[in-house]
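Residue numbers start at 1 and run along the sequence shown. Everything quoted here is computed from the prediction, not taken from an experiment.
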Amino acid sequence: MHANLIGLGALILVAGLLARVGRRMSLPTVPFFMLAGILLGPGTGGPVAFEHPEDLDMLALFGLVLLLFHLGLEFPVEQVLGSGKRLFWAAGAYIGLNIGAGLGLGFALGWGTSEAFVIAGAVGISSSAIATKLLIEMRRLANAETPVILGIIVIEDLFLALYLALLSPILQGAGSAGELVLRIAVSFGYLAALFAVARWGARWIGRLLETREDELVAILMVGLVVLVAGLSAEIGVSDAIGALMIGLVVARTSIRERAERIVVPLRDVFAAIFFVAFGLSIDVGAIGSVIVPVLIAIAITVVTNVTAGLITARLFGLNQRGAANVGLTVLGRGEFSLILATLALAADLDERVGPFIALYVLILAVLAPICAANSKYLARVIPDRLLHDRWRYVREETISTACTHLDRIQITETDEDECRECVELGDTWVQLRMCLTCGLVACCDDSRNKHSTAHFEDSRHPLIRSLEHGDGWQYCYEDQTLVREPAGSR
């Protein structure tokens, strides 16, 4: 017992130290938690903290339950239901492309039908935690594409609940098609019942949990979450679904903010144990057999994500940089992929599924931040015809929704149709820009003389707009970002 306690302490400490190194490199913590488990697990041949990873099963399950509960607690149902059709089309394109490609890959590998569905989910569902952290760390919260990205990952989280409801009966191995249909019906019926509780019974749950003392709120809340998760597993529905759905219920009570504040430190500690325990279960020797499938899966994921980004950009009028940001920000895979891998291991599926998902998550967790930070290079090679011609000269620029210099706009119209300085020099220009403070018309940066930028450097007038027909943007030199032209301003 004492040896297990020492091993657990060593595991958590090493996981924290590795994650701290990763954070200094602006990388997410999840792969480093997994790495700690792999390094100190029985599959490496080195020092072993736990000879029997199953000793951590209960703690790991508790971490999984809290992870999904917190997701449900934060889930903005009203925001999703109030979103326009374009967002649902964009999210549908993202989910359809990634899940479809993952399912095709799963069947192509020939590991089995259940394995194919697990691989489809692991490859098709991004990490909302990694995507959100990237948006914050790269200071893109004011970008025009950011609300779209957040909307996509929110709808994707909702899809996760439906996918788990579909997957659980498949993993349980129904004996016939009729039994499979019945189990799927039970799963979705259970989801509907919990949605009904969230809609009409939340106040009763709130009364059950309401008390002045945070200690008692924590005890009552954890007891409720674990109870619902256990009941979900008992009736043949994943415990993860039960935790997610009871989170949706508590989110509609009066104690939502208190519950979120209380559960976050518990989630952080026990979710870390969940990821470490998953790493412990990985046989490093089996990774060699899945390297090629993993590299193929990563290539497919990059292609489907970029394609979904292009579709989203067309739907929302974004430029090439926006398309690249959408596709690459949600490239990371993490907690949900590992949840599916855990379900696969519990169902005694092909032993290659665990190492496949572990290596896939590890590589993408490192690759996604690098790709997202360098999205401008992808923007350079996206053809104009795939989006809109008006972005031809500004494809690499970020479009912002929060310029701080709009009060400097004084003039929005002009009859000028030439760059006077270029005319005086006897030169030509590529496109024309107009200063929105003084109305000066000058040539763009693709022109030889770059008079528009020279005017800014002399006058410090921050905003210009394109005078090309069909263009719908302004540019702020101070913020170095595109600004959407207000509707009806021209």
Side-chain angles (χ1 to χ4, degrees), residues 28-30 67-102 120-164 240-241 244-245 247-248 251 260 267 271 301-302 304-313 315-316 318 322-340 360-361 364-365 367-369 371-373 375 401:
T29 57
V30 169
L67 190 66
L68 270 295
F69 170 69
H70 186 256
L71 173 62
L73 200 60
E74 285 193 318
F75 192 85
V77 177
E78 287 76 13
Q79 176 185 331
V80 173
L81 296 179
S83 301
K85 292 182 179 179
R86 290 184 302 172
L87 180 58
F88 282 93
W89 279 111
Y94 179 85
I95 293 171
L97 285 170
N98 281 278
I99 292 290
V123 170
I125 298 174
S126 65
S127 169
S128 56
I130 292 175
T132 304
K133 286 181 179 180
L134 287 177
L135 291 172
I136 294 171
E137 291 167 4
M138 293 187 294
R139 300 180 181 178
R140 291 181 179 174
L141 293 179
N143 285 15
E145 74 276 358
T146 294
V148 182
I149 293 173
L150 293 174
I152 288 174
I153 61 179
V154 163
I155 295 174
E156 193 182 25
D157 290 345
L158 178 61
F159 172 80
L160 172 68
L162 302 177
Y163 196 79
L164 285 173
I241 294 179
L244 176 66
M245 297 307 297
L248 286 174
E260 187 170 358
R267 178 210 64 182
T301 301
V302 172
T304 53
N305 272 35
V306 171
T307 302
L310 290 171
I311 294 172
T312 301
L315 287 170
F316 287 87
L318 302 172
N325 284 349
V326 172
L328 299 179
T329 302
V330 293
L331 184 62
R333 301 295 188 264
E335 59 274 21
F336 302 142
S337 299
L338 300 183
I339 288 169
L340 294 174
Y360 175 76
V361 169
L364 275 185
L367 186 64
C371 289
S375 58
T401 59

Task: Non-hydrogen side-chain atoms of Glu156 and Asn98 separated by less than 4.5 Å - done: no

TODO: Please report the shortest heavy-atom distance between Ser126 and Val330, naming the atom on each side.
DONE: CB-O, 3.2 Å

Open item on the list: With rounding to the nearest 0.5 angstrom, report the CG to OG1 distance, Asn325 to Thr146.
Closed with: 7.5 Å

Open item on the list: Which heavy atom of Ala313 sits nearest to which heavy atom of Ala323, and what is that distance?
Closed with: CB-CB, 3.5 Å

Open item on the list: How close do Leu364 and Pro369 get, counting heavy atoms only, and between which atoms?
Closed with: O-CD, 4.2 Å

- [ ] Drop me the distance from Leu338's CG to Arg333's CZ, to the nearest 0.5 angstrom.
- [x] 12.0 Å

Task: Side chain proximity check, Thr307 to Thr304, heavy atoms < 4.5 angstrom - done: no

Task: Smallest separation among heavy atoms of Val123 and Thr301, with atom names - done: CG1-OG1, 3.6 Å

TODO: Could you tell me the separation between the CZ atom of Phe316 and the CD atom of Glu145, rounded to the nearest 0.5 Å?
DONE: 11.5 Å

TODO: Measure the spacing between CZ of Arg140 and OG of Ser375 and express it to the nearest 0.5 Å.
DONE: 4.0 Å

Open item on the list: Quick check: do Ile311 and Leu97 have side-chain heavy atoms less than 4.5 Å from each other?
Closed with: yes

Open item on the list: Using 0.5 Å steps for rounding, measure from the CG atom of Leu367 to the CG atom of Leu331.
Closed with: 6.0 Å

Task: Minimum heavy-atom distance between Ala251 and Leu73, given as atom pair plus value - done: CB-O, 3.4 Å

TODO: Identify whether NZ of Lys or CZ of Arg in Arg267 sits under 6.0 Å from the centre of the six-membered ring of Phe69 and within 45° of that ring's axis.
DONE: no

- [ ] Give the minimum heavy-atom separation between Ser337 and Ile125, together with the two atoms involved.
- [x] OG-O, 3.9 Å

Open item on the list: Taking the side chain as everything from C-beta on, heavy atoms only, tell me whether Ile99 gets closer than 4.5 Å to Phe159.
Closed with: yes

Open item on the list: In the structure I gave you, are the side-chain heavy atoms of Ile155 and Tyr94 within less than 4.5 Å of one another anywhere?
Closed with: no

Task: Residue among Leu328, Asn305, Val306 satisfying side-chain contact (heavy atoms from CB on, under 4.5 Å) with Cys371 - done: Leu328

